[in-house]
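Residue numbers start from 1 in every chain, and the chains themselves are labelled A, B, ... in the order their sequence lines are given, proteins ahead of strands. What you are looking at is a predicted structure, and each value in this text was computed from that prediction instead of being measured. Heavy atoms only: backbone and side chains are in, while hydrogens, waters and symmetry mates are out.
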Amino acid sequence: MRVSKLFMPTQREIPSDAEIVSHQLMLRAGLMKKIASGIYSFLPMGYRAYRKVENIVREEMDRAGAQELIMPAILPAEVYMASGRWDKFGQEMFRLQDRGGRQFCLGPTHEEPFTEAVRDNIKSYRQLPFTLYQIQHKYRDEKRPRFGVMRAREFVMKDAYSFDADEAGLDISYKAMYEAYCRIFDRCGLDYILVDADSGAMGGSGSQEFMVKSLVGEDAIAYCSSCGYAANEEKAVCIASEPAVPAALQEIEKIHTPHVKTIEELMAFMKASPKEFVKTILYSIDGKIVAVMVRGDREINETKLSNLFDANDLALASFADVERVTGAAVGFAGPVAFKGDVELIADQEVAVMVNFIVGANETDYHLKNVNFIRDFKPARVVDIRTIEAGDPCPVCGLPVETCRGIEVGHIFKLGTKYSDALNCKFLDQAGQEKSMIMGCYGIGVGRTLAAIIEQHYDANGIVWPLATAPYQAIVVPTNTGDETISAVGEDIHSRLEKAGVEVLLDDRPERPGVKFKDADLIGIPLRVTVGRKAVEGIVEYKERATGVVIEMTVEEAVAKIVGQVKALG
RNA sequence: CGAGGUGUAGCGCAGUUGGUAGCGCGCCUGCUUUGGGAGCAGGAUGUCGGGAGUUCGAGUCUCUUCACCUCGACCA
């Protein structure tokens, strides 16, 4: 392919609305163009790289025995009504009507149509198990699209669904997908980590996420380098620590704390550490008021809280509700003496504290020397806080570390959540009707592409791994006005093309510097520079990733590049 | 949804108390140049996001609306 004919609008300047490196580079290198917030076109260079990733995904899905199909992106409301998700998705779902006023949506995820398709066609255990997948556009009206294709409103997802007769079968299907995912992300050249994840709105019994380690990742991860435990911070289990100093319970004491509402203010006022306080935060969960207690320096984990109540709607309680149930201004809530129906939840850590400070449920007062059980009895004592770096690992007890990650893949054991809801049943060997056991498995293709760039760039631009590069090699004649240089460049280009290498020839009448900058920006892994020594049959071979530069003959350069491309398999 | 910010040429931006719309890069023509975003000369390109208002006159002031970005909240 000739660069002179290529639709590749590279830009010298960083687009002003791109925040992270991968987004900036995807725009600068002419990989894509924004149409609206969270909605992008892939241009030829970007689409080639995108298809590389997509094909890796497809090859590994096929190798794992999954069967590809394609569902419509536009789906009738009834499909999602049966599972209750027509309402549950809320505003995140793009909705539309046909001319007859019938309701449709643009599919945000496809558990329902897949389950329906299987329900209507599979009746016997003899036909199980199998796994279906598609690589298709998904639509979610995100409140805040961000970071280019990292969190887009239209994005491509590979979604797979497994159907098994029993749990043991699901384990096998799940493992096959797990292994396929590892191969996919290995082939994409990604440094990733597998973490335990919350099942969230998808439901189900267990799930894991494939996280690409990155400072710009939207998810927080806690991991233990000693035993290998790793979990999304939403999910990471906290274990209760022992009380620091066993102490005798002291008498409760009411302290006048005028205008002292926050933990910071309280610390300064009482000259004490936040570890001596317990904060009580009020939530409104599906219309009910819940008070949650955690140590002063801890954060409440709203995912754990939501799961505890199987909540549809969870938010901090309104100021009015806080004042009503505590009888005090916001900032003085405590566990002793609520007015009205309030469920009290205490973090397990609170249960091992003694003589701590809490709000008095009275404006401008706190209580000192408050103690668990003696002074209040929570309805439940559970793990409700968010893990922090240095906390004990729930498996081995050694301190955990934290980092950030980009979620590129997610695998779930769904169980019978959708097969029950949609009546997807089969007859087993004994003639008994049973719900199919399902799993679902997603990979964000565009997000994976962005994650690859996020892990493979330098000051000059993208540094594509050979497996996902839009073109594998580029031939750069330094002076197209020189007949020898030009001819040698053409020769190398056509030889590589014949050998099956995806190769560009930068035949533009530009100065060498311009061509080098563009080649680096778009990140082509292998480069052959044809310069003055072309008359002697000598060219320069250069690797983008390593910076290795070697002078060699035309034959050697061609052989070296063909060899590397063949080695890809 | 809350707070803040930005919309002027393909991209990045300037535009003073209201008075003929600018700069850099890119683009086109010519000459020169040819190993890391060259030089000279000439040239093209604008609903100043949209609408309404104030004014003799609005990119600039007022109102309104749309779009986009950031932080927060929320979230498969």
Side-chain angles (χ1 to χ4, degrees), chain A residues 7 9-20 23-24 27-30 33-39 80 85 88-93 107-111 138-148 151-153 155 157 159 197-204 207 209 218-219 232 234 283-284 302-303 305-306 311-316 318 407-412 414 440-444 447 459-461 476-482 484-486 506 508-522 527-534 538-540 542 547 549 551:
Chain A
F7 181 50
T10 56
Q11 291 169 203
R12 296 189 183 196
E13 304 199 51
I14 300 171
S16 60
D17 56 359
E19 196 72 8
I20 62 170
H23 189 194
Q24 292 171 351
L27 294 172
R28 275 194 66 205
K33 181 166 171 53
K34 184 170 77 181
I35 296 288
S37 177
I39 299 174
Y80 289 93
R85 291 208 294 182
K88 187 148 187 171
F89 265 109
Q91 291 203 299
E92 201 171 309
M93 193 181 242
T109 174
H110 284 206
E111 280 75 14
K138 297 281 181 277
Y139 299 85
R140 295 182 194 176
D141 194 0
E142 295 280 351
K143 282 172 192 158
R144 191 136 99 78
R146 222 192 306 215
F147 300 155
R151 178 167 294 274
R153 293 195 292 175
F155 59 98
M157 180 190 248
D159 49 325
D198 182 64
S199 314
M202 307 298 293
S207 76
E209 289 164 335
E218 294 190 82
D219 288 276
N232 192 313
E234 295 177 343
Y283 281 87
S284 171
E302 294 189 356
T303 301
L305 184 60
S306 179
N312 282 317
D313 180 41
L314 180 149
L316 282 173
S318 67
E407 180 194 343
V408 289
H410 201 161
I411 54 180
F412 290 88
L414 286 175
C440 80
Y441 317 89
I443 290 180
R447 186 183 281 184
N460 293 315
V476 180
T478 54
N479 182 356
T480 48
D482 181 305
T484 307
I485 289 175
S486 203
D506 196 344
R508 295 176 299 175
E510 290 285 355
R511 294 170 63 84
V514 173
K515 300 184 184 184
F516 294 150
K517 287 289 186 189
D518 269 344
D520 286 351
L521 177 60
I522 63 177
R527 188 177 94 194
V528 179
T529 308
V530 183
R532 289 197 191 86
K533 289 189 180 171
I538 300 294
V539 295
E540 181 186 284
K542 183 170 186 185
V549 176
E551 284 196 348

Quiz item: Phosphate oxygens OP1/OP2 of B/rC71: is one of them under 4.0 Å from a side-chain N or O of A/R146?
Solution: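 Yes, within the criterion.
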Quiz item: OP1 or OP2 of B/rC13 less than 4.0 angstrom from a side-chain nitrogen or oxygen of A/S16, does that happen here?
Solution: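 It does, given that an N or O in the side chain of A/S16 lies less than 4.0 Å from OP1 or OP2 of B/rC13.
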I'd like the [atom1] distance from [M] over to [N], given in whole Å.
| N | M | atom1 | value |
| --- | --- | --- | --- |
| B/rG49 | B/rA14 | P | 13 Å |
| B/rA58 | B/rG24 | P | 29 Å |
| B/rC27 | B/rA44 | C1' | 8 Å |
| B/rU60 | B/rU17 | P | 14 Å |
| B/rG12 | B/rG59 | P | 23 Å |
| B/rG7 | B/rG15 | C1' | 15 Å |
| B/rC68 | B/rU54 | C1' | 29 Å |
| B/rC13 | B/rU8 | P | 10 Å |

Consider the side chain of [X], meaning its heavy atoms from C-beta on, and name the nucleotide among [options] that approaches it most closely.
| X | options | answer |
| --- | --- | --- |
| A/R511 | B/rA76, B/rG36, B/rA38 | B/rA38 |
| A/N479 | B/rU34, B/rU70, B/rC68 | B/rU34 |
| A/R527 | B/rU70, B/rG36, B/rC13 | B/rG36 |
| A/K143 | B/rC68, B/rG37, B/rC74 | B/rC74 |
| A/E13 | B/rC11, B/rG36, B/rA76 | B/rC11 |
| A/E407 | B/rA76, B/rC11, B/rC71 | B/rA76 |
| A/F516 | B/rG12, B/rG35, B/rG26 | B/rG35 |
| A/T478 | B/rC75, B/rG35, B/rU70 | B/rG35 |
| A/R12 | B/rG37, B/rC69, B/rC71 | B/rG37 |
| A/R140 | B/rC74, B/rA76, B/rC69 | B/rA76 |

Rounding to an integer number of Å, can you tell me how far [X] [atom1] sits from [N] [atom2]?
| X | N | atom1 | atom2 | value |
| --- | --- | --- | --- | --- |
| A/I39 | B/rA67 | CD1 | P | 12 Å |
| A/L27 | B/rC68 | CG | C1' | 13 Å |
| A/I35 | B/rG10 | CD1 | P | 15 Å |
| A/D482 | B/rU33 | CG | P | 14 Å |
| A/L316 | B/rG2 | CG | P | 17 Å |
| A/E540 | B/rG36 | CD | C1' | 11 Å |
| A/M93 | B/rC75 | CE | P | 17 Å |
| A/R508 | B/rC28 | CZ | C1' | 17 Å |

Self-check item: Pairwise 5' ranking along RNA chain B for A/P145 and A/E92, keeping only the more 5' one
Solution: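 Whichever sits nearer the 5' end wins; that is A/P145.
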Quiz item: How do A/I14 and A/P512 order along RNA chain B: which one's closest nucleotide is nearer the 5' end?
Solution: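 Nearest nucleotide further toward 5': that of A/I14.
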Exercise. With pairs defined as Watson-Crick or G-U wobble and both distances under 3.5 angstrom, please note down RNA chain B as a dot-bracket string, | for pairing with another strand.
Key: (((((((..((((.....[..)))).((((((.....)))))).....(((((..]....))))))))))))....
Quiz item: Is there a donor and acceptor pair, one atom on the side chain of A/D518 and one on the base of B/rG37, closer than 3.5 Å?
Solution: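 Such a pair exists between side chain and base.
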Quiz item: Can you find a donor-acceptor pair, distance only, under 3.5 Å between A/D520 side chain and B/rG36 base?
Solution: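 When only heavy-atom distances are counted, A/D520 does reach the base of B/rG36 through a donor-acceptor pair under 3.5 Å.
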Quiz item: Can you check whether A/F155 reaches A/R140 side chain to side chain, under 4.5 Å on heavy atoms?
Solution: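 Yes, side chains in contact.
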Practice problem: Without swapping roles, check the side chain of A/Q24 against the backbone of A/A18 for a donor-acceptor pair under 3.5 Å. | Solution: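 Checked: pair present.
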